[in-house]
There are 2 protein chains.
Amino acid sequence: MATIKDVAERVGVSVTTVSRVLNNRGYLSEDLKRRVYQAMEELNYQPNELARSLFRKKSNIIGLIIPDISHPFFSEIAIHIETFAYKSGYKILLCNSQLDKKKEKDYLNMLKASQVDGIIMGSHTLDTEEYKSINMPLVTLDRQLSESIPYVSSDHYKGGQLATKLLIRKGCKKIAHISGNLKLHLLAKARYDGFIDTVKKHSINHVVVQTDLNGFKYDEYKKIVTELFLKHPDLDGVFASSDLIAAQVLKECKRLGKRVPEDVKVVGFDGIRVGEFMMPGLSTIQQPIKDIAKTAVKLLIDWINGTEVPRENILPVKLIEKETT
Amino acid sequence: MATIKDVAERVGVSVTTVSRVLNNRGYLSEDLKRRVYQAMEELNYQPNELARSLFRKKSNIIGLIIPDISHPFFSEIAIHIETFAYKSGYKILLCNSQLDKKKEKDYLNMLKASQVDGIIMGSHTLDTEEYKSINMPLVTLDRQLSESIPYVSSDHYKGGQLATKLLIRKGCKKIAHISGNLKLHLLAKARYDGFIDTVKKHSINHVVVQTDLNGFKYDEYKKIVTELFLKHPDLDGVFASSDLIAAQVLKECKRLGKRVPEDVKVVGFDGIRVGEFMMPGLSTIQQPIKDIAKTAVKLLIDWINGTEVPRENILPVKLIEKETT
DNA sequence: CTGAAAGCGCTAACAC
DNA sequence: GTGTTAGCGCTTTCAG
């Protein structure tokens, strides 16, 4: 591969001069520029970003750590993150932690070693200390790691409220909430709070079961949903904490011969695009995925550029009312 | 951030020595190693991969170019590519072309400039020449770009046959195939060939419509499917070239009051995991997504390491027969 | 066995 | 205005 030296020799100037036209520094005659650009063209020259980054101490790479890119919520987040990053001249290094402590730690080290300019973190299995010690711009999705780390999230509390109110308004008398893991300190936990506060306020019979949200746990979801209806055959409303889980609920209702929405009403969470395609009738709480991504990228880049950024960034959700309620 | 020099000073040896223990070259006393590792620990030292890559002329980064990571087929490909790459010590730079010529070209240049060791390409909007001139290890998914570029793909022809035969066996008399764009030279075109050969062999009435497979073209899909049933109300079988499109067909059948599978039988293509979740009854042709990913990564790394790799890599598909047929 | 020195490709002081 | 030189952090000849 051609280097700046090759270009310089071909044009008959020093590498400094070539570097100057490359970076457009100082005065350069039009003729010179033309000759340099032409030589670059002829040699199919590409400046070596490794060398540039090494010198500048800036790689223009953002590390993205998420549990699993094949999960539709994260793949939708990812496309938008990539889009905004691209527009701002940043590249994305994709890391799936698969909720594996070792892999996440590995990736964190790798990202530091690779001199990424910042990290967007949508996964966390390690202790808070480990993230604080990262010592580089870091923005989380849905995670409150420490006082100093900004996060962006939906208004989960409002989402929980909206979903629950909808079920109540539609006449549900006994409602189940299938929540994410409440022990993890995810902001998504507020969906649960919104649910609980609402059912209590209206004195509605309710039941809560937990599961993991960020994976494709088909068997686990199936088991939980089956048991739920076994224990509570009189359920007439379900607020599932993801559209994927709502899918499982719908399936189980069908198996049990319960009609939706007549016998059981179901509302999901996320509002993922693939859900709209495959389950066009599902009522759900839509997260502003594009805005979340845009905000995360903006915060991170601002921070990289030395601007102060707000710590708390909560974006509004939207109730999408369709046929399952 | 600490450098190798800081470590050397702290231990009281030269940078060469530290570099040696870092790379485990030559003889090193246990005691020395211990002291060096300890200093690294204390300084929270991470070797600068930029500098290493620059010297070694090897970045251990693979560029992944796909149309859209939010498309479930590609996000599933991506998780497996990332997994295998990680196991082999490679990182993934994620590029979504969004089927935009300029963006794809940009990314191609960026990847070269970033000194990636190789590229996995699941998108192509440029001329073949552009890819040949890349001049670095490159493996495509489902694309036959030139004699010299290896590709990995499913046995689309077989898939087309299997889907069509199933519909015929189940008694369909007039079958539609919603195919991908047949003008692009994608190997997926063979699904169409398998379809055509099979219907002709059995002298079955048939109709073909084209659309784009690699995006979330909700409106386009909707329009095509609506028109299809309008023009051909007597259709009793549909072979859709993706599960996403099959979803649209199912929806339209419901809207028209056609029962599936009694009135119309539907079979999709891809066998994506999110489809299993959200459309558990859909019959489909399952592509071996994990194997495709694994093969692509293996081929690429073999090539990077200078091993000769086979050009044609066709993997078997599997018929998943469920309730929609 | 260990260290000084050169160099990977690039940029930026600092001279001329 | 242009070139010489040093240096980003690392690895590796090559002496000692």
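The shown structure was predicted, so the numbers you read here are calculated from the model rather than taken from an experiment. Here is how names work: the chains are called A, B, and so on, in the same order as the sequence lines, proteins then strands, and each is numbered from 1. Note: hydrogens, waters and symmetry copies are ignored here, and every other heavy atom, side chains too, is used.
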[X] [atom1] to [N] [atom2], straight-line distance once rounded to whole Å:
X	N	atom1	atom2	result
B:Lys5	C:dA5	NZ	P	14 Å
A:Lys58	D:dG9	NZ	P	17 Å
B:Glu49	D:dC10	CD	C1'	10 Å
B:Leu50	D:dT11	CG	P	13 Å
B:Lys57	C:dG9	NZ	C1'	8 Å
A:Lys112	D:dG9	NZ	P	15 Å
B:Ile4	C:dA4	CD1	P	14 Å
B:Asn48	C:dC8	CG	P	18 Å

Angle by which the axis turns from one end of the helix from C:dC1-D:dG16 to C:dC16-D:dG1 to the other, five pairs per end, to 10 degrees: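 It works out to 50° between the end axes.
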Using atom names, set out every protein N or O paired with an N or O of nucleotides 4-7 of chain D below 3.5 Å, distance rounded to 0.1 Å.
residue, atom, partner, partner atom, Å
D:dT4, O4, A:Thr16, OG1, 3.2

If only side-chain N and O atoms of A:Arg52 are considered, is one of them under 4.0 Å from the OP1 or OP2 phosphate oxygen of C:dT11?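 The answer is yes; a side-chain N or O of A:Arg52 sits under 4.0 Å from OP1 or OP2.
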Looking at CG of B:Leu138 and CD1 of B:Ile149, how far apart are the two atoms once the value is rounded to the nearest 0.5 Å?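 Going from the CG atom of B:Leu138 to the CD1 atom of B:Ile149 covers 4.5 Å.
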Contacting residues from residues 23-35 of chain A, given that a heavy atom lies under 4.0 angstrom of DNA chain D: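 Within this stretch, A:Tyr27, A:Leu32 sit under 4.0 Å of the strand.
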Name the nucleic acid region contacted by B:Leu22, choosing base, sugar-phosphate or nothing; use a 4.0 angstrom heavy-atom cut-off, strictly under.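 The answer is sugar-phosphate, as B:Leu22 gets under 4.0 Å only of primed atoms, P, OP1 or OP2.
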Distance-only polar pair, side chains of [X] and [Y], donor-acceptor under 3.5 Å:
X	Y	value
B:Thr307	B:Asn305	no
A:Gln115	A:Ser53	no
A:Asp68	A:Ser70	yes

Around atom NZ of B:Lys58, are there more than 12 heavy atoms from other residues, nucleotides or ligands closer than 6.0 Å?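 Atom NZ in B:Lys58 is packed in, count exceeds 12.
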Counting only heavy atoms not in A:Lys103 (residues, nucleotides, ligands), do more than 12 fall under 6.0 Å from its NZ?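 Check passes, neighbour count above 12.
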Strictly below 4.0 Å, N to O, side chains only: are B:Lys298 and B:Asp302 in salt-bridge contact?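 Here B:Lys298 pairs with B:Asp302 in a salt bridge, since their nearest N and O are under 4.0 Å apart.
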B:His71 and B:Phe73 aromatic ring geometry - parallel, tilted or perpendicular at 30°/60° bounds: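 It falls in the perpendicular class, over 60°.
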Looking at [Y], is its backbone amide N or carbonyl O close enough to the side chain of [X] to form a donor-acceptor pair, meaning the two atoms are under 3.5 Å apart?
X	Y	answer
A:Asn109	A:Asp106	no
B:Tyr86	A:Cys95	no
B:Tyr131	B:Leu126	yes

